[in-house]
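What follows is a set of notes on a single structure, which appears directly below.
Convention: sequence-line order gives letters A, B, ...; per-chain numbering from 1.
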2 protein chains.
Amino acid sequence: MYKFKGKEYPCCASLTMGLIGGKWKTVILYHLMVGGTLRYNELRKEMPTVTERTLSLQLKTLEEDGIVKRKVYTSKPPLKVEYSLTDFGKTLIPVVQSIADWGDFAIKEKQGVVV
Amino acid sequence: MYKFKGKEYPCCASLTMGLIGGKWKTVILYHLMVGGTLRYNELRKEMPTVTERTLSLQLKTLEEDGIVKRKVYTSKPPLKVEYSLTDFGKTLIPVVQSIADWGDFAIKEKQGVVV
DNA sequence: CGGAATCCCGGATGATACTG
DNA sequence: CAGTATCATCCGGGATTCCG
């Protein structure tokens, strides 16, 4: 049994999935990995099918887990907020990369389609 | 947009997560990766906190996705059923390995506890 | 611009009991 | 032994509206 930040996981793999699992987190991390630093609306542009609320919530939990860094540049509207990976978050790059690579591989291997 | 087996994904990373995401799939794959071929009850022993129903359902979808192979050895009770990775499933080994490795790394890096 | 508030649904997961 | 059946629950995620 693995305990991490107050939560329990039955396996080292499930710990990772607890932090970056779900429908959107790896997609966010992938784009931050490729794009470096991105503003909220730049992320939305990369992920047209996510809702604002969900993107917001996922970014918040990634921030709470120390994976993503949020930097605010203006105190009054219009706000400018930039997101990027923390040093700890950058240690996930090989993981996210292999997840992304396998997705590409599966598409080719099993005749998927890229539209 | 990526289309794979009738489903759509906004990113190559989310395709992978669609197949091996969720609370239990990577745990199953991890144990099959380490243990090779395992019977249903051997899997349960490795994963004491999963319910029979959930384990069963996850194995079934992994089988439908061509990742896990199910082999039945007896036609009458007591049944003997063995699970293992398919050749396609084995292509996931580097992915699952890096997910598991990062879990171990995070435990050490952030003072998690192994019980 | 970058969210927060509210309401809601459905699928994923769990508990328990039963069966070929 | 290896599941299935049934019912309950939980929470990720969506739709919409509003705010500093």
Look at [X] and [N] and indicate whether a side-chain polar atom (N or O) is within less than 4.0 Å of OP1 or OP2.
X: B/Tyr83; N: D/dC1; result: no
X: A/Arg44; N: C/dG3; result: no
X: A/Lys60; N: C/dA4; result: yes
X: B/Ser56; N: D/dT4; result: yes
X: A/Tyr40; N: C/dA4; result: no

**Report entry** All pairs passing ring-ring contact (aromatic ring centres under 6.0 Å, His included) where residues 38-94 of chain B contributes a residue, at least two apart
**Finding:**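 The answer is A/Trp102-B/Phe88.
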Starting at [atom1] of [X] and ending at [atom2] of [N], how long is that distance when rounded to a whole Å?
X: B/Arg70; N: D/dG3; atom1: CZ; atom2: C1'; value: 8 Å
X: B/Leu62; N: D/dG3; atom1: CG; atom2: P; value: 13 Å
X: A/Lys80; N: C/dG2; atom1: NZ; atom2: P; value: 9 Å
X: B/Tyr73; N: D/dG3; atom1: OH; atom2: C1'; value: 18 Å
X: A/Lys71; N: C/dG3; atom1: NZ; atom2: P; value: 15 Å
X: A/Leu55; N: D/dA15; atom1: CG; atom2: C1'; value: 16 Å
X: B/Glu42; N: D/dA2; atom1: CD; atom2: P; value: 8 Å
X: B/Arg39; N: D/dC1; atom1: CZ; atom2: P; value: 8 Å

Query raised in the report: Of all residues at least two apart in sequence or in a different chain, which pass the side-chain contact (heavy atoms from CB on, under 4.5 Å) check with A/Lys23?
Result: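 A/Lys23: no side-chain contact (heavy atoms from CB on, under 4.5 Å) contacts found.
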Requested in this report: Please name all residues satisfying side-chain contact (heavy atoms from CB on, under 4.5 Å) with B/Val34, sequence neighbours left out, ordered by chain then number.
Outcome: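 Scan of B/Val34 (side-chain contact (heavy atoms from CB on, under 4.5 Å), adjacent residues dropped) gives B/Tyr30.
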Query - A/Pro94 vs B/Ser98 side-chain heavy atoms within contact, under 4.5 Å - result: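 No - every pair of side-chain heavy atoms lies 4.5 Å or more apart.
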Can I get a per-line list of side-chain donor-acceptor pairs under 3.5 Å for residues 55-64 of chain B, giving both atom names and the distance, sequence neighbours left out?
{"unit_1": "B/Thr61", "atom_1": "OG1", "unit_2": "B/Lys25", "atom_2": "NZ", "d": "3.4"}
{"unit_1": "B/Thr61", "atom_1": "OG1", "unit_2": "B/Gln58", "atom_2": "O", "d": "3.1"}

**Report entry** Helix axis bend for the helix from C/dC1-D/dG20 to C/dG20-D/dC1 - C1'-based end axes, five pairs, 10° rounding
**Finding:**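 If I round to tens, the end axes sit 60° apart.
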Query raised in the report: So which pairs with a foot in residues 40-53 of chain A pass salt bridge (Lys or Arg N to Asp or Glu O under 4.0 Å), sequence neighbours left out?
Result: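 Sorted pair list: A/Arg44-A/Glu52.
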Query raised in the report: Apart from A/Val115 itself, what residues make up its hydrophobic cluster, given side-chain heavy atom links below 4.5 Å?
Result: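 A/Val115 shares its hydrophobic cluster with A/Val113, B/Met1.
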Report task. Going 5' to 3' through nucleotides 10-20 of chain C, assign each nucleotide B (protein heavy atom under 4.0 Å from a base atom), S (under 4.0 Å only from sugar-phosphate atoms) or - (no protein heavy atom that close). Result -> ---BBB-B--B
Contacts table for residues 8-22 of chain B: side-chain donor-acceptor under 3.5 angstrom, sequence neighbours left out:
{"unit_1": "B/Ser14", "atom_1": "OG", "unit_2": "B/Cys11", "atom_2": "N", "d": "3.3"}
{"unit_1": "B/Ser14", "atom_1": "OG", "unit_2": "B/Cys11", "atom_2": "O", "d": "2.8"}
{"unit_1": "B/Thr16", "atom_1": "OG1", "unit_2": "A/Ile99", "atom_2": "O", "d": "2.6"}
{"unit_1": "B/Thr16", "atom_1": "OG1", "unit_2": "A/Gly103", "atom_2": "N", "d": "3.1"}

Requested in this report: With B/Leu32 as reference, evaluate B/Val27, B/Leu85, B/Thr37 under the side-chain contact (heavy atoms from CB on, under 4.5 Å) test and give the passing residue.
Outcome: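 The option that passes is B/Leu85.
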